[in-house]
Amino acid sequence: MFQTFQTNGTLLEPKQSCASTVRTPENIEAMREAMTRSPSKSTRTLSRQLGIRRSSLQNILRNDLHLFPYKITVAHKLQANGRQQRVQFATWVYYITQHLVL
């Protein structure tokens with residue numbers, strides 16, 4: 001006990017670090033191939049198919065493959081005839097925010 005305190009500066013045992021067993025080159029390559037085959041497949045489905053926890057799969061995607069989640073958003077096309085209305089609205093919002101006393 002005294003020896004442990006002298007070497008570690010505490011009575012607690014040092015934490016053992018464990019090597020990553022999931023982020024292996026084989027799993028990383030399997031993920032790369034799976035994402036190449038079907039890039040729109042969800043991480044939940046991939047984790048079930050590969051037998052890897054979803055959080056570990058997300059770590060592989062972010063840290064090893066440098067892929068990041070995104071969501072495609074669809075916006076309506078701006079029409080040329082609505083330009084005057086947009087300018088008028090923007091001017092009104094600017095005026096209100098500049099002259100409104102809170």
Side-chain angles (χ1 to χ4, degrees):
M1 197 174 195
F2 182 72
Q3 181 70 24
T4 304
F5 183 75
Q6 276 190 322
T7 56
N8 299 336
T10 181
L11 293 177
L12 300 174
E13 293 295 323
K15 290 184 179 179
Q16 300 293 325
S17 64
C18 58
S20 175
T21 57
V22 177
R23 288 175 57 192
T24 61
E26 295 83 19
N27 284 342
I28 293 170
E29 190 56 37
M31 274 296 305
R32 182 177 283 119
E33 289 174 9
M35 290 304 294
T36 302
R37 277 194 311 267
S38 55
S40 62
K41 191 173 281 189
S42 71
T43 55
R44 290 179 188 204
T45 305
L46 281 174
S47 70
R48 267 187 264 122
Q49 287 178 350
L50 298 175
I52 300 173
R53 285 189 333 209
R54 188 166 163 246
S55 59
S56 298
L57 188 127
Q58 289 171 330
N59 284 332
I60 290 173
L61 286 173
R62 267 192 306 266
N63 300 330
D64 298 320
L65 300 179
H66 305 293
L67 298 174
F68 301 94
Y70 65 93
K71 183 176 181 179
I72 297 174
T73 57
V74 179
H76 64 280
K77 183 178 179 181
L78 297 178
Q79 300 295 326
N81 58 3
R83 186 179 194 294
Q84 180 59 36
Q85 287 178 328
R86 292 192 306 274
V87 170
Q88 188 178 15
F89 178 75
T91 306
W92 175 76
V93 169
Y94 176 76
Y95 177 79
I96 292 297
T97 56
Q98 295 301 315
H99 296 92
L100 186 65
V101 178
L102 295 176

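None of the values given here were measured: they were computed from a predicted structure.
The side chain to side chain contact (heavy atoms under 4.5 Å, CB included) check on Q3 picks up Q6, T7, with sequence neighbours excluded. Residues passing the side chain to side chain donor-acceptor pair (under 3.5 Å) test with R32, sequence neighbours excluded: E29. Not counting sequence neighbours, S47 has no partner by the side chain to side chain donor-acceptor pair (under 3.5 Å) test. Partners of L67 by side chain to side chain contact (heavy atoms under 4.5 Å, CB included), not counting sequence neighbours, listed by chain and number: M35, L61, L65. Judged as a salt bridge (charged side-chain N to carboxylate O under 4.0 Å, His left out), and not counting sequence neighbours, R53 has no contacts.
Within the 4.5 Å cutoff, the side chain of V22 has heavy atoms near those of the N27 side chain. Looking at R23 and N63, their side chains come closer than 4.5 Å, going by heavy atoms from C-beta outward. Under the 4.5 Å side-chain criterion, counting only non-hydrogen atoms from C-beta, E33 is not in contact with T36.
For the residue pair R86 and Q79, the shortest heavy atom distance occurs at NH1-O, 3.3 Å.
Distance CG/L57 to OG1/T45: 10.5 Å, rounded to 0.5 Å. Between D64 atom CG and R62 atom CZ the span is 11.0 Å, to the nearest 0.5 Å.
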Check residues 90-98 and write down every donor-acceptor pair under 3.5 Å in which the side-chain atom is one partner and the other belongs to a residue at least two apart or another chain.
| unit_1 | atom_1 | unit_2 | atom_2 | d |
| --- | --- | --- | --- | --- |
| T91 | OG1 | V87 | O | 2.7 |
| T97 | OG1 | V93 | O | 3.1 |
| T97 | OG1 | Y94 | O | 2.9 |

